[in-house]
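What follows is one structure encoded as structure tokens, with my remarks underneath.
Sequence lines set the chain letters: A, B, ... in the order given, protein chains first and strands last, and positions in each chain run from 1. All values reported here derive from a predicted model rather than from experimental measurement.
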Number of protein chains: 4
Amino acid sequence: MTFKLLRMGTVPERLIEAATRLFADKGFDRVAVQEIVDLAGVTKGAMYHYFGSKDDLLHEIYGSLLRMQTERLDRFASGPAPVADRLHAAALDVVVTSVENFDQAKVYFRSADQLAESQRLAMRAERRRYHERFRSLVEEGQAAGVFRTDVPADLTVHYFFGAVHHLGAWYHASGTLSAKQIGRHYADLLLSSLRA
Amino acid sequence: MTFKLLRMGTVPERLIEAATRLFADKGFDRVAVQEIVDLAGVTKGAMYHYFGSKDDLLHEIYGSLLRMQTERLDRFASGPAPVADRLHAAALDVVVTSVENFDQAKVYFRSADQLAESQRLAMRAERRRYHERFRSLVEEGQAAGVFRTDVPADLTVHYFFGAVHHLGAWYHASGTLSAKQIGRHYADLLLSSLRA
Amino acid sequence: MTFKLLRMGTVPERLIEAATRLFADKGFDRVAVQEIVDLAGVTKGAMYHYFGSKDDLLHEIYGSLLRMQTERLDRFASGPAPVADRLHAAALDVVVTSVENFDQAKVYFRSADQLAESQRLAMRAERRRYHERFRSLVEEGQAAGVFRTDVPADLTVHYFFGAVHHLGAWYHASGTLSAKQIGRHYADLLLSSLRA
Amino acid sequence: MTFKLLRMGTVPERLIEAATRLFADKGFDRVAVQEIVDLAGVTKGAMYHYFGSKDDLLHEIYGSLLRMQTERLDRFASGPAPVADRLHAAALDVVVTSVENFDQAKVYFRSADQLAESQRLAMRAERRRYHERFRSLVEEGQAAGVFRTDVPADLTVHYFFGAVHHLGAWYHASGTLSAKQIGRHYADLLLSSLRA
DNA sequence: GATGAATGAGATTTCATTCAT
DNA sequence: CATGAATGAAATCTCATTCAT
């Protein structure tokens with residue numbers, strides 16, 4: 001697959017966009033800095049003016065999606081609705097936002113291990129917080145007696161996010177299902193599997 | 001993480017084992033051929049005597065797990081038991097074998113995109129057959145009226161295998177759950193989510 | 001070692017001071033223009049406003065010490081005192097001024113070869129004049145019969161300035177000897193070695 | 001200055017020789033790996049097959065001269081002759097061997113600061129041992145009453161080795177003095193300056 | 001006067017693969 | 001069967017300098 005030269009936005013924006021597309025398409029390790037700057041229509045020097053390293057680009061892309069999803073989860077988890085509804089909404093939302101930012105999500109799903117040592121720890125902590133927030137919703141449902149308790153909440157959350165991460169492996173925009181439809185199915189499957 | 005020099009088995013076996021460990025640990029692109037042969041206790045010449053390329057090693061590891069799981073799925077799917085039981089057994093089995101061959105599974109889960117062009121197509125076809133066999137079990141249950149039909153079987157299968165692939169991201173041998181326990185939980189969640 | 005942002009003096013003065021410290025610390029080739037302007041608290045544009053190039057900075061530092069020492073040598077060499085006394089005073093003085101302007105001296109001692117082609121010739125000629133003036137003092141003593149003649153004056157001068165240049169390799173302000181004490185010892189050693 | 005393609009010796013030998021000439025001529029930081037391998041008549045890959053880095057080449061050159069001179073100093077210092085004779089012989093020898101291995105010596109004299117962090121400490125320790133061995137000769141002479149005691153032995157040794165290091169700045173093979181003549185003059189100047 | 005974004009050339013290093021022995 | 005020296009292409013990154021504002 002080839003992409004058209006990017007012409008809009010500031011240089012760092014174009015670089016991030018170019019990197020996102022290419023990392024999503026071929027994986028971090030298979031993308032040369034030269035390809036990124038070519039797609040962004042600048043020179044390598046310009047890239048290193050704005051980003052300290054190729055790793056930094058990944059970190060930026062990775063972190064920005066993680067921040068967005070953390071923030072949205074917070075909103076969805078903290079409403080007044082019954083816990084099952086809140087969990088359903090949160091599950092649906094994470095699928096929809098992943099599909100709507102699909103390149104970014106693909107980078108996110110596949111490249112945690114490619115982060116530089118220093119960034120890896122910080123990102124891992126952030127991801128764990130996200131995981132735990134989601135898990136606490138499940139536990140809340142268990143405590144309320146609406147979710148089964150024979151399967152550990154932790155495991156259920158891993159199970160669900162596995163499904164979400166796997167979107168990157170099979171979803172294509174050309175498919176018949178919309179982001180929302182997929183999200184609803186995913187959320188339905190999660191809720192069904194949890195029903196007490 | 002560092003590994004001990006491998007001393008047992010034939011040269012090609014040692015090479016496969018070394019490559020499996022290293023690919024699982026760092027990802028295909030981050031492993032140098034030199035590291036593999038060092039761990040296997042041989043030289044590069046020896047490796048190129050037995051394998052045509054680094055890609056071949058990946059192909060071998062990838063293909064052998066895929067073959068094994070395809071074969072086992074065939075056995076589990078074709079029994080005389082009720083379809084729900086057969087699906088449960090198949091789901092449990094794929095989790096158990098993935099955990100029991102964890103390094104190989106990690107390589108498998110993460111490296112589909114790293115396969116060389118020529119091998120990629122063949123492997124993709126094989127994987128699709130596997131996916132379709134599993135899906136046909138779900139469809140059989142839908143036809144029999146024991147599984148819900150409002151969620152497409154295809155999507156359910158992606159959902160479940162997403163969960164399985166994600167094992168590589170969180171499972172550690174040191175955890176409290178055994179392979180079988182995890183497999184049972186996973187299979188239970190799958191069956192619950194499918195119940196009509 | 002890190003240095004504090006320079007805040008005093010005019011912009012070109014701060015640039016010279018920053019460059020002097022950094023060149024002394026790491027050597028000309030290991031210092032980036034960016035570091036110099038960071039330490040001086042200005043931007044690159046400012047530097048290129050005042051200096052034509054990084055080489056120019058070195059040239060400035062190099063030349064200013066050389067000019068100072070040439071001038072002082074002239075004063076010390078041309079007095080009415082006996083030649084041995086004048087040589088002793090000159091030798092002492094070059095050590096003292098080198099220690100008192102230690103960063104500048106370190107740059108001077110180490111960086112003759114880093115000067116740009118065009119500047120190198122001019123500086124070499126200037127240095128040779130300095131060397132010859134010093135040598136002529138030695139020759140004057142030889143002619144007067146107070147210095148030995150079996151060792152060529154030229155060689156003695158190289159010998160002594162080798163010792164002086166080497167100060168940059170071992171002297172630290174934290175040592176027990178003062179600039180003057182070191183200078184006296186050096187001058188004593190020179191005079192002793194020359195005694196007829 | 002340009003050099004002729006090296007054709008003799010093993011590849012690592014040619015690389016060391018090429019690096020020695022070029023480092024001596026232009027200084028470590030001004031020599032590109034490409035120049036070294038061109039002069040040695042091999043490719044960059046070959047160089048990195050034998051040496052881990054450009055730093056390693058410097059370390060090798062630096063260390064081999066240091067080892068040689070340490071060993072020779074040991075021999076000269078430990079004889080039965082009077083201490084003044086032993087010091088004279090040692091001083092003469094270090095000059096002669098420096099001149100006879102002039103390229104290596106020039107690299108050694110100028111490049112201590114360019115050594116990589118890890119190697120710098122080891123080399124510094126080794127150099128200090130050398131310095132101390134030389135100093136102990138001076139102290140022995142002071143204790144024996146044949147050398148002056150008003151100038152610290154330490155300082156005298158720095159003084160002398162400054163002169164030796166400076167050879168790299170002025171000596172040329174085309175000069176009128178032979179290595180031995182220079183050595184004798186240097187040793188004479190040292191001994192004269194030390195006479196009680 | 002001063003900024004700092006951008007360039008472009010070149011630096012070191014890596015690595016899968018080949019091949020003479 | 002097996003070695004390991006050598007290649008050559010490509011990777012990431014650095015940096016002095018320029019120039020529109």
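Shown here, E:dT21 forms a base pair with F:dA2; the pair counts as Watson-Crick or G-U wobble because both key distances fall under 3.5 Å. In this structure, E:dC15 forms a base pair with F:dG8, meeting either the Watson-Crick or the G-U wobble geometry with both donor-acceptor distances under 3.5 Å.
Using a 4.0 Å cut-off, no side-chain N or O of D:Y48 falls inside it from OP1 or OP2 of E:dT14. Residue D:H49 has a polar side-chain atom (N or O) positioned under 4.0 Å from OP1 or OP2 of F:dA5.
When distances run from any side-chain atom of D:V42 to the nucleotides F:dA2, F:dT7, E:dT12, the shortest one goes to F:dT7.
Rounded to an integer number of Å, the gap from CZ of D:F28 to P of E:dT12 is 8 Å. Rounded to whole Å, the distance from OH on D:Y50 to C1' on E:dC15 is 17 Å. At whole-Å resolution of the value, CZ in B:R30 and P in F:dT12 are 11 Å apart. Distance NE2 (B:H59) to P (E:dA16): 19 Å, rounded to an integer number of Å. Separating the CE atom of A:M47 from the P atom of F:dT14 is a distance of 10 Å, rounded to the nearest angstrom. The nearest whole Å value for the distance from the CG atom in C:D56 to the P atom in F:dT17 is 9 Å. Here E:dT17 presents its C1' atom at 13 Å from CD1 of B:I36, a figure rounded to the nearest Å. Atom CZ in C:R14 sits about 14 Å away from atom P in E:dG1, given to the nearest Å.
Nearest-nucleotide assignment on DNA chain F puts the 5′-proximal partner with D:P12, out of D:P12 and C:D29. Residue order along DNA chain F, read from the 5' end via each residue's closest nucleotide, puts D:G45 first among D:G45 and A:A32. Two residues, A:A46 and B:K44, neighbour DNA chain E, and the one matched to the more 5' nucleotide by heavy-atom proximity is A:A46. Place B:S53 and D:D55 on DNA chain E by their nearest nucleotides, and D:D55 ends up nearer the 5' end.
No side-chain donor-acceptor contact under 3.5 Å links A:S111 to the backbone of A:Q114.
Donor-acceptor pairing under 3.5 Å is recorded for the side chains of B:D56 and B:Q119. For the residue pair C:Y108 and C:R127, no side-chain donor N or O sits within less than 3.5 Å of a side-chain acceptor on the partner.
Across all strands, C:V11 comes closer than 4.0 Å to no nucleic acid atom at all (heavy-atom distances). Residue contacts for A:F51: at a heavy-atom cut-off of 4.0 Å it reaches no nucleic acid atom on any strand shown.
Atom-to-atom distance recorded for B:R110:CZ and B:D29:CG is 9.5 Å, nearest 0.5 angstrom.
Cation-pi geometry between B:K54 and B:F28 is met: under 6.0 angstrom from the ring centre, within 45 degrees of the axis.
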